[in-house]
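We use all heavy atoms of the structure for the numbers below, so side chains are in, but hydrogens, waters and symmetry mates are not. Note that the structure is predicted; figures quoted are calculated from it, not measured. Numbers here are sequence positions counted from 1.
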Amino acid sequence: MPLRLFWSREFLTSRNMLWTLLIVNVLGTIYGYIWYGEQIEWTAANKPLWMLPFVPDSPTASLFFSLSIVYLLVKAQPRTTIGRVIRAIIEALGVATSVKYGIWAVAMIVAGASEGVSMEWQDWMLIVSHLGMAVEGLLYLRFMSVKSAAVGVAVGWLLINDMVDYRFDVFPWLPKPLYDHLPIVCICTFGLTLFSWIVTNAAIVLRDADRSALR
């Protein structure tokens, strides 16, 4: 079986593959919100309630990507302009947030380990799953209808999230040694927002070029 089959539209958008991907992402989303449960409770007790949506970063990213997979399963485009705009924004959020938080989580785990934090099996599981988030986002963008304007909206959300996280201290809890390097973590987080914007737009350019070549 040629390896290129696993890159093909036929394989990646088959209903079996899409359903498998949807189930994995929904389960990951549920696990993620449970994992953030203690921090969500702490935030609700100590911060204004409007900050709660900014706490669980990765599970919200996988939630948006799960919704994007639903659109691929349904196949039919929304009939109204507002419906198409909503779809494009959800897909942009699904890709851009998956790229950013997929890489961010791995970076924080590795940085913590470099400072002497012991690696447990959960850490390895989180590394694999978050790398998968980043890869699947870019891999499936070529089958989506997302445009650069929608990516701009998604990046706007990421920037607001970053500002709330580090202005009001509702960023995801870090390995303890990294609190000594919080300014660097903050800079890297904003940098990853910029990186996700560049990479997502680059993937859109490549997708559109491929589509034009097939016409």
Side-chain angles (χ1 to χ4, degrees), residues 21 25 28-29 32-33 36 39 43 50-72 77-78 81-109 111 126 129-172 174 182-211:
L21 203 61
N25 276 275
T29 299
Y33 282 117
Y36 271 95
Q39 185 173 357
T43 303
W50 65 265
M51 295 183 186
L52 286 176
F54 298 99
V55 175
D57 294 334
S58 293
T60 301
S62 60
L63 174 62
F64 282 126
F65 190 78
S66 296
L67 293 174
S68 301
I69 295 299
V70 171
Y71 278 119
L72 292 177
Q77 280 277 2
T81 300
I82 187 64
R84 289 190 290 272
V85 169
I86 290 172
R87 173 176 181 171
I89 291 174
I90 287 175
E91 290 178 340
L93 285 165
V95 174
T97 59
S98 292
V99 171
K100 176 185 175 174
Y101 294 121
I103 296 172
W104 184 92
V106 173
M108 294 305 106
I109 293 170
L126 289 171
S129 62
H130 282 81
L131 283 177
M133 285 174 59
V135 170
E136 70 182 4
L138 293 174
L139 192 61
Y140 276 84
L141 180 143
R142 62 194 177 111
F143 308 124
M144 298 176 182
S145 58
V146 59
K147 301 291 186 182
S148 293
V151 176
V153 174
V155 170
W157 163 258
L158 285 172
L159 287 172
I160 292 171
N161 199 339
D162 293 343
M163 288 186 284
V164 172
D165 277 359
Y166 294 93
R167 171 65 179 82
F168 300 103
D169 293 332
V170 292
F171 52 84
L174 302 167
L182 193 56
I184 296 175
V185 173
C186 178
I187 292 170
C188 290
T189 301
F190 277 90
L192 277 173
T193 293
L194 176 61
F195 176 80
S196 69
W197 174 64
I198 293 171
V199 169
T200 303
N201 275 304
I204 290 173
V205 170
L206 291 173
R207 178 202 64 189
D208 292 346
D210 286 342
R211 289 179 179 178

Fill in: CG-CE distance between L158 and M163, expressed to the nearest 0.5 angstrom
10.5 Å

Worksheet item: When rounded to the nearest 0.5 angstrom, what distance separates OH in Y71 from CG in L67?
Response: 7.5 Å

Fill in: From OG (S98) to CG (L139), nearest 0.5 Å
12.0 Å

Fill in: Intermediate values then yes/no, side chain to side chain contact (heavy atoms under 4.5 Å, CB included), V95 and V151
CA-CA 9 Å; V95 174; V151 176; over 6 Å; no

Worksheet item: Hey, does I69 have a side-chain heavy atom less than 4.5 Å from the side chain of L72?
Response: yes

Worksheet item: Could you give the distance from CG (L182) to CD1 (I187), rounded to the nearest 0.5 Å?
Response: 10.0 Å

Fill in: From CA spacing to verdict: side chain to side chain contact (heavy atoms under 4.5 Å, CB included), V199, L138
CA-CA 8 Å; V199 169; L138 293 174; 3.6 Å; yes

Worksheet, complete the sentence: In terms of heavy-atom contacts, M133 and S62 come closest through CE-N, 4.4 Å

Response to the item:
Sequence neighbours excluded, the answer for side-chain contact (heavy atoms from CB on, under 4.5 Å) partners of S66 is L22, N25, V26, T29

Fill in: Close side-chain approach of V146 to R207, heavy-atom, < 4.5 Å
yes

Worksheet item: What are the two closest heavy atoms between S196 and A96, and how far apart are they?
Response: CB-O, 3.6 Å

Discussion item. Parallel, tilted or perpendicular, judged at 30° and 60°: which one describes the rings of W50 and F168?
Written reply: perpendicular

Worksheet item: Just how far is it from atom OG1 of T189 to atom CD1 of I184, taken to the nearest 0.5 Å?
Response: 11.5 Å

Practice prompt. Looking only at non-hydrogen atoms, find the nearest pair between F171 and Q39 and report the distance.
Written response: O-NE2, 2.7 Å

Worksheet, complete the sentence: In short, salt bridge (charged side-chain N to carboxylate O under 4.0 Å, His left out) pairs touching residues 83-103 with sequence neighbours left out are R87-E91, K100-D162

Worksheet item: Can you check side chain to side chain contact (heavy atoms under 4.5 Å, CB included) on L159 and W197, steps first, answer last?
Response: CA-CA 11 Å; L159 287 172; W197 174 64; over 6 Å; no

Practice prompt. Calculate, to the nearest 0.5 Å, the distance between atoms OG and CG belonging to S68 and L21 respectively.
Written response: 10.5 Å

Discussion item. I want to check something: taking the side chain as every heavy atom from C-beta on, are T60 and Y101 in contact at a cut-off of under 4.5 Å?
Written reply: no

Practice prompt. Scan residues 136-160 for pairs that pass ring pair (Phe, Tyr, Trp, His ring centres under 6.0 Å), counting only residues two or more places apart or in two chains.
Written response: F54-W157, Y140-F143

Worksheet item: Of the non-hydrogen atoms in Y36 and P59, which two are nearest, and what is the gap between them?
Response: CE1-CD, 3.5 Å

Fill in: Full working for side chain to side chain contact (heavy atoms under 4.5 Å, CB included) between W104 and D57
CA-CA 10 Å; W104 184 92; D57 294 334; 5.7 Å; no

Practice prompt. Might you point out which heavy atoms bring D165 and P172 nearest each other, and give the distance in Å?
Written response: OD2-CD, 4.0 Å

Worksheet item: Between M144 and F65, which heavy-atom pair has the shortest distance, and what is it?
Response: CE-CE1, 3.8 Å

